[in-house]
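If you scroll down you'll find the structure; I have some questions about it.
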Amino acid sequence: MNRGAETKLGYKLEHLKQLAVHDLMPEVPAERFRALVAPLLSGDKEEVVFETVMQGSQRGPHPVEVCLQHFGGEQPPILVAIVHDTTERQHLGAEGGEKAEVE
């Protein structure tokens with residue numbers, strides 16, 4: 001956890017450091033999170049990307065896209081989670097002239 005997570009999620013950094021990443025994702029049970037991370041830990045995949053809901057302290061649940069990467073050669077090993085808020089994600093139409101739609 002870092003200061004960016006503290007700012008985006010609204011929790012104190014000390015509190016965030018005591019949580020597992022999946023604790024902030026109410027729709028992802030611990031066993032499902034372990035299954036998502038397993039191919040990273042084994043080296044079968046370099047990254048795993050999925051969409052879920054993240055729980056912020058002041059904002060509450062909101063949709064996110066999560067990209068996980070594992071750096072096992074580091075001491076200690078590092079699991080990086082890059083999280084993008086998708087609340088205002090825009091979808092472009094098939095034709096360039098169509099207006100973008102906000103979800």
Side-chain angles (χ1 to χ4, degrees):
M1 299 292 183
N2 60 24
R3 297 273 180 220
E6 181 181 46
T7 300
K8 288 183 178 182
L9 295 171
Y11 296 106
K12 294 291 183 189
L13 189 56
E14 293 76 28
H15 179 73
L16 288 171
K17 288 180 179 181
Q18 296 175 15
L19 299 174
V21 174
H22 63 80
D23 290 336
L24 298 168
M25 301 175 202
E27 296 181 357
V28 182
E31 59 275 359
R32 177 66 182 129
F33 186 78
R34 282 191 291 276
L36 285 168
V37 174
L40 293 173
L41 301 178
S42 68
D44 291 340
K45 289 189 175 186
E46 291 186 19
E47 72 177 9
V48 173
V49 179
F50 61 96
E51 293 184 10
T52 189
V53 171
M54 181 136 316
Q55 181 68 42
S57 73
Q58 298 166 3
R59 182 175 175 197
H62 56 281
V64 296
E65 177 183 78
V66 180
C67 175
L68 297 175
Q69 298 176 332
H70 181 251
F71 297 93
E74 298 295 323
Q75 289 304 320
I78 300 170
L79 178 65
V80 175
I82 301 168
V83 181
H84 299 282
D85 183 332
T86 59
T87 302
E88 295 183 20
R89 179 169 278 181
Q90 298 180 355
H91 294 280
L92 299 178
E95 298 178 24
E98 291 183 25
K99 291 183 179 179
E101 295 181 20
V102 177
E103 290 184 339

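These numbers were taken from a predicted model, which means no experiment stands behind them.
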Heavy-atom closest pair, residues Asp85 and Val64:
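So the minimum-distance heavy-atom pair works out to CA-CG1, 4.1 Å.
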Could you tell me whether the side chain of Val48 reaches within less than 4.5 Å of the side chain of Val37, counting heavy atoms only?
no
Run the side chain to side chain contact (heavy atoms under 4.5 Å, CB included) test on Val66 and Val21 for me, step by step, so that the C-alpha distance in whole Å, both residues' side-chain angles and the decisive distance to 0.1 Å come before the verdict.
CA-CA 11 Å; Val66 180; Val21 174; 5.8 Å; no
Residue set satisfying ring-ring contact (aromatic ring centres under 6.0 Å, His included) with His15, at least two apart, ordered chain then number -> Tyr11
Return the CE to CD distance between Met54 and Glu27, rounded to the nearest 0.5 Å.
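CD of Glu27 is found 11.0 Å from CE of Met54.
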If hydrophobic residues (ILVMFWY) are linked whenever their side-chain heavy atoms come closer than 4.5 Å, directly or via other members, who joins Val53 in its cluster?
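When side chains under 4.5 Å apart are linked, Val53 ends up in no cluster with other residues.
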Output every pair passing salt bridge (charged side-chain N to carboxylate O under 4.0 Å, His left out) with a member in residues 9-21, not counting sequence neighbours, ordered by first then second residue.
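Non-adjacent pairs meeting salt bridge (charged side-chain N to carboxylate O under 4.0 Å, His left out): zero.
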Quick one: does His70's side chain get under 4.5 Å of Pro77's, heavy atoms only?
yes
Do you know the tightest heavy-atom contact between Gln55 and Gly60?
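Taking every non-hydrogen atom into account, NE2-CA, 3.4 Å.
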Which salt bridge (charged side-chain N to carboxylate O under 4.0 Å, His left out) pairs, counting each pair once, include a residue from residues 73-82, with sequence neighbours left out?
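Non-adjacent pairs meeting salt bridge (charged side-chain N to carboxylate O under 4.0 Å, His left out): zero.
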Taking ring-ring contact (aromatic ring centres under 6.0 Å, His included) as the definition, give me every residue that meets it alongside His22, ordered by chain and number, with sequence neighbours left out.
Phe33
Pairs in or reaching into residues 34-55: which pass ring pair (Phe, Tyr, Trp, His ring centres under 6.0 Å), with residues at least two apart or in two chains?
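For residues 34-55: none.
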Between Gly10 and Ser57, which heavy-atom pair has the shortest distance, and what is it?
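It is O-OG, 2.6 Å.
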Does Glu51 have any salt bridge (Lys or Arg N to Asp or Glu O under 4.0 Å) partners at least two apart in sequence or in another chain, and if so, which?
Arg89
Is a side-chain donor or acceptor of Thr52 paired with a backbone partner of Met25 at a separation under 3.5 angstrom?
no
Apart from Phe71 itself, what residues make up its hydrophobic cluster when side-chain heavy atoms of I, L, V, M, F, W and Y under 4.5 Å apart count as a link, directly or indirectly?
Ile78, Val80, Ile82
Could you list the residues that satisfy side chain to side chain donor-acceptor pair (under 3.5 Å) with Asp23, not counting sequence neighbours?
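Applying side chain to side chain donor-acceptor pair (under 3.5 Å) to Asp23 gives none.
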Taking all non-hydrogen atoms of both residues into account, name the closest pair between His62 and Thr87 and its distance.
CB-OG1, 4.0 Å
For Gln69, side chain to side chain donor-acceptor pair (under 3.5 Å) partners two or more places apart:
Glu47
Distance check, rounded to the nearest 0.5 Å: Glu46 atom CD versus Leu68 atom CG?
14.0 Å
Residues passing the side chain to side chain contact (heavy atoms under 4.5 Å, CB included) test with Arg32, sequence neighbours excluded, are Val28, Pro29, Ala35, Leu36
Show your working on side chain to side chain contact (heavy atoms under 4.5 Å, CB included) between Leu40 and Leu79 and close with a plain yes or no.
CA-CA 9 Å; Leu40 293 173; Leu79 178 65; 4.1 Å; yes
